[in-house]
A.B. asks: 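Below you'll find the structure I mean.
Note on naming: letters A, B, ... go to the chains in the order of the sequence lines (proteins, then strands), and numbering restarts at 1 for each one. Here the structure is a predicted model, which means the values were calculated and not measured.
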There are 2 protein chains.
Amino acid sequence: MDGKLKDQYLQDQLPIHRFISYRVLRLHSKLNAQAARILKETCGLSLAQWRVVAVVATEDGITPSKISRFSQMDKGQLSRCVKALVDSGLMVTRDDPADQRIQHLSLTAKGHEIHERTLPRMLNRQDRLLLGLSDVEREVIFSAFDKLEVIADAADDPADE
Amino acid sequence: MDGKLKDQYLQDQLPIHRFISYRVLRLHSKLNAQAARILKETCGLSLAQWRVVAVVATEDGITPSKISRFSQMDKGQLSRCVKALVDSGLMVTRDDPADQRIQHLSLTAKGHEIHERTLPRMLNRQDRLLLGLSDVEREVIFSAFDKLEVIADAADDPADE
DNA sequence: CTTTCATTGTTGACGGATCAACCGAGCTTA
DNA sequence: TAAGCTCGGTTGATCCGTCAACAATGAAAG
């Protein structure tokens, strides 16, 4: 008789609730919102900007194209991230002596400071997420992600069998 | 010595690769792109529009607010989806006799036709995703999603301990 | 040397998601 | 009935991610 409760049953029974891509979408938007909340409080960076900072912090001198290649971030998005980070004084670009197309990225002192201040909170969050899972879930989830990514990248077979 | 290969090692070793939210982001964008590809070929709907069609097909007469409540879709996004679907003749709205705020949604004949044409391809895709996983992975992944969603919704503890 | 092609990074355009302000309708309480 | 509240839905602003076009540079092939 309760409307809200009935909606809950509905949620569990609707076929959509077992759709992987729907569940991934929901999880993604929640994780995203949580990370954005933390970053806003801590350093004011967007999630994409934070990822660039984190990568450059562990691989000093890396180039945007390498970041784009292994992290599958969009070139354009990356370019804008770098621009914003340089403008706010967290990052500097250094030209390559041998190839004028290439930029090498490094954090400034301010960039390192912000990275070191922010990383613990992000690791803490990561730990909370992982500790919330059982051992099996923690083991399995990454391999499942790998497999799903491969399938999602594969061509969609046009025939229905 | 090979640049591409070295990038691959880099990908696996960087800490970011084990970050859950990063992996969910990547998986999400791939699943999204795949679904958008299929929908574009099949019926020209956006993913959000397709979800609304799928829900209304199984729950005729459902209202936007109910959809929003259980699927956690944004009210505004839903309103625009419904408008687009009505404009293209796939859906009709029916007023509630007792409460003039409420709209009940139903598919038109054309809407049902498109739903029945599209659903098999989407289910096929879903099957391919699930069959790519091992039994354990398939069992575990949904419970892991549930737990992660709860943690992501929880307040972020401000203290670093 | 010159032509052609691949790579690096920048930019503009577009669609999608999110947030907040808002309106109209119903309910509640005095 | 009037005041204040909640609820359903619409709209606009803004941000983010994606895609395509482009300029500049370098490498390869003739």
A.B. asks: Judged by each residue's nearest nucleotide on DNA chain C, which is more toward the 5′ side, Ala33(A) or Pro64(A)?
C.D. replies: Pro64(A)

A.B. asks: Nearest 0.5 Å, what's the CZ-CD1 distance between Arg51(B) and Ile67(B)?
C.D. replies: 12.5 Å

A.B. asks: Just how far, in rounded Å, is P of dG9(C) from NE2 of His104(A)?
C.D. replies: 9 Å

A.B. asks: Can you check the Leu78(A) CG to dC19(D) P distance for me, whole Å?
C.D. replies: 15 Å

A.B. asks: Does any donor atom in the side chain of Arg125(A) or Gln34(A) lie under 3.5 Å from an acceptor atom in the other side chain?
C.D. replies: yes

A.B. asks: Under 3.5 Å, which donor-acceptor pairs do the side chains of residues 76-84 of chain B form with other protein atoms, sequence neighbours left out?
C.D. replies:
none

A.B. asks: Could you state the interatomic distance from CD (Glu137(A)) to CZ (Phe142(B)), rounded to the nearest 0.5 Å?
C.D. replies: 13.0 Å

A.B. asks: Starting at atom CE of Met73(B), determine the distance to atom P of dC19(C), rounded to an integer number of angstrom.
C.D. replies: 15 Å

A.B. asks: For the pair made of CG in Asp74(B) and C1' in dG16(C), what is the distance, rounded to whole Å?
C.D. replies: 11 Å

A.B. asks: Identify whether the distance between the nearest side-chain nitrogen and carboxylate oxygen of Asp146(B) and Arg23(A) falls below 4.0 Å.
C.D. replies: yes

A.B. asks: Distances under 3.5 Å only, N/O to N/O: pair up the protein atoms with those of nucleotides 23-29 of chain C.
C.D. replies:
from	atom 1	to	atom 2	distance (Å)
dG26(C)	OP1	Gln100(B)	N	3.0

A.B. asks: Looking at Ser79(A), does any N or O in its side chain come under 4.0 Å of the phosphate oxygens OP1/OP2 on dT8(C)?
C.D. replies: no

A.B. asks: Does Gln103(A) have a side-chain nitrogen or oxygen under 4.0 Å from the phosphate oxygens OP1 or OP2 of dT10(C)?
C.D. replies: yes

A.B. asks: Could you work out, with salt bridge (charged side-chain N to carboxylate O under 4.0 Å, His left out) as the rule, every residue matching Lys75(A), not counting sequence neighbours?
C.D. replies: none

A.B. asks: Mind calculating the distance between CG (Leu105(B)) and C1' (dG9(D)) to the nearest angstrom?
C.D. replies: 11 Å

A.B. asks: Record whether the side chain of Arg80(B) comes under 3.5 Å of the base of dG12(D) through a donor-acceptor pair of N or O atoms.
C.D. replies: yes

A.B. asks: How long is the straight-line distance from CG of Leu123(A) back to CG of Leu119(A), given to the nearest 0.5 Å?
C.D. replies: 4.0 Å

A.B. asks: Over how many whole Å does the gap from Trp50(B) atom CH2 to dG15(C) atom C1' extend?
C.D. replies: 21 Å

A.B. asks: Rounded to whole angstrom units, what separation is found between the NZ atom of Lys75(B) and the C1' atom of dC22(C)?
C.D. replies: 10 Å

A.B. asks: Of Gly76(A) and Leu25(A), whose closest DNA chain C nucleotide lies nearer the 5' terminus?
C.D. replies: Gly76(A)

A.B. asks: Across the strands shown, which category fits Ser68(A) at heavy-atom distances under 4.0 angstrom: base, sugar-phosphate, nothing?
C.D. replies: nothing

A.B. asks: Tell me the interatomic distance from Phe70(A), atom CZ, to dT8(C), atom C1', rounded to whole angstroms.
C.D. replies: 17 Å

